[in-house]
S.K.: 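Pasting in a structure now, in structure tokens, and then I'll have a few things to ask.
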2 protein chains.
Amino acid sequence: MPENNTASRREAKTSRAPAASKAERDITLADNLFAALAHPARRQILLSVHYRGECTAGEIANRFECSWPTTSRHLAMLVTCDLLTVSKQGRTRVYSANSKLIGEVLSKWSGFFQ
Amino acid sequence: MPENNTASRREAKTSRAPAASKAERDITLADNLFAALAHPARRQILLSVHYRGECTAGEIANRFECSWPTTSRHLAMLVTCDLLTVSKQGRTRVYSANSKLIGEVLSKWSGFFQ
DNA sequence: CTATTAATTAGCAATCAGGCTAATTGAATC
DNA sequence: GATTCAATTAGCCTGATTGCTAATTAATAG
């Protein structure tokens, strides 16, 4: 598969491109956002973090049925996709949603179909 | 798997529920829409059909690099998810986009993050 | 220093997704 | 009725996703 779908790649990509064009960034954003939103747990996580403001990993993990490591992986993916931001505070990690970005991309795509 | 993710199910589901609640329908819509939009080829198909109006399967398939059967499967999925509508005309099949639905769901989700 | 707590990482198994080619269906044409 | 053309279906294979448990890391508390 020469056409590498960035959306599904988990590892942090070492962006070698000097400065991707806006079009390219838009494609990557759509890839990332829609790959992330494809999973119901990740949609819930994003909504949950957005509405509560900041959340620790534990608060998020306890709210879901699936195991903590599974939630942790969803969180990691959302961070890689730039939809969540994380900061370490002592031994907890605090997540917050990049709501502006999410809202803008969704809004743009909804506009395409109006 | 008791929790059946309708979004990813390929075959037409025999909806046995008498009349799903609005909340349930919203969840199914999100499942379907975001599962569909997760693949770049399907995003392109939806945009393409939306902007051109009606398209035959052949017109769509010829526009993409992947094989006709692969495109056909994407089309079938989009129909199952209610994002495309298809009608047989002679030996061709004409697809059109359910843009209103797509736009509404995306708009609603973009609203969540504003 | 050790015990506890927060969270991630490693590793494995099972399912899902998406690509292909070959075969089939069904309408139109000769 | 045989052929051609539009399109789907069948079947297969490979890689990605997602779930779990167990192990690890790292910070705090005792």
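What you see below is based on every heavy atom in this structure, not just the backbone, and it leaves out hydrogens, waters and symmetry mates. In what follows, chains carry the letters A, B, and so on, assigned in the order in which the sequence lines appear, proteins first and then strands, with residues in each chain numbered from 1.
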S.K.: Tell me if a side-chain donor or acceptor on His50(B) pairs with a main-chain N or O of Phe112(A) at a distance below 3.5 Å.
M.R.: yes
S.K.: Decide yes or no on side chain to side chain contact (heavy atoms under 4.5 Å, CB included) for Leu37(B) and Arg42(B), but give the supporting numbers first.
M.R.: CA-CA 6 Å; Leu37(B) 292 177; Arg42(B) 287 190 298 259; over 6 Å; no
S.K.: Could you give the CH2-to-P distance, from Trp68(B) to dA10(D), as a whole number of Å?
M.R.: 18 Å
S.K.: If the plane angle is over 60° it's perpendicular, under 30° parallel, otherwise tilted; pick one for Trp109(A) and Phe34(A).
M.R.: perpendicular
S.K.: Would you say the side chain of Gln44(A) lies within less than 4.5 Å of the side chain of Phe64(A), judging by non-hydrogen atoms?
M.R.: yes
S.K.: Under 3.5 Å, is there a donor-acceptor pair linking the side chains of Ser67(B) and Thr70(B)?
M.R.: yes
S.K.: For the pair made of CG in Leu75(B) and C1' in dA6(D), what is the distance, rounded to whole Å?
M.R.: 13 Å
S.K.: To the nearest Å, give me how far apart CG (Leu84(B)) and P (dT8(D)) are.
M.R.: 11 Å
S.K.: Please determine if a side-chain N or O atom of His74(B) lies less than 4.0 Å away from the OP1 or OP2 oxygen of dA17(C).
M.R.: no
S.K.: Provide, to the nearest angstrom, the distance between the CZ atom belonging to Arg91(A) and the C1' atom belonging to dA3(C).
M.R.: 11 Å
S.K.: Can you find a side chain N or O atom of His39(B) that sits less than 4.0 Å from OP1 or OP2 on dC16(C)?
M.R.: no
S.K.: With a 4.0 Å limit, can you tell me whether Ser67(A) has a side-chain N or O closer than that to the phosphate oxygens OP1/OP2 of dC20(D)?
M.R.: yes
S.K.: Between dT9(C), dG18(C), dA7(D), which nucleotide gets closest to the side-chain atoms of Pro69(A)?
M.R.: dT9(C)
S.K.: Grab the CZ-C1' distance between Arg93(B) and dA6(D) for me, whole Å please.
M.R.: 8 Å
S.K.: It should be established whether Ser72(A) places a side-chain nitrogen or oxygen under 4.0 Å from OP1 or OP2 of nucleotide dT9(C).
M.R.: no
S.K.: Can you measure Arg73(A) atom CZ to dC12(C) atom C1' for me and round it to whole angstrom units?
M.R.: 11 Å
S.K.: Nearest to the side chain of Thr92(A), heavy atoms from C-beta on, is which of dT8(C), dA6(D), dA7(C)?
M.R.: dA7(C)
S.K.: Round to the nearest Å and state the distance from Met77(A) atom CE to dG19(D) atom C1'.
M.R.: 15 Å
S.K.: Taking OP1 and OP2 of dT8(C), is either one under 4.0 Å from a side-chain nitrogen or oxygen of Tyr95(A)?
M.R.: yes
S.K.: Using whole Å, what does the distance between atom P of nucleotide dA17(C) and atom CG of Asn32(B) come to?
M.R.: 12 Å
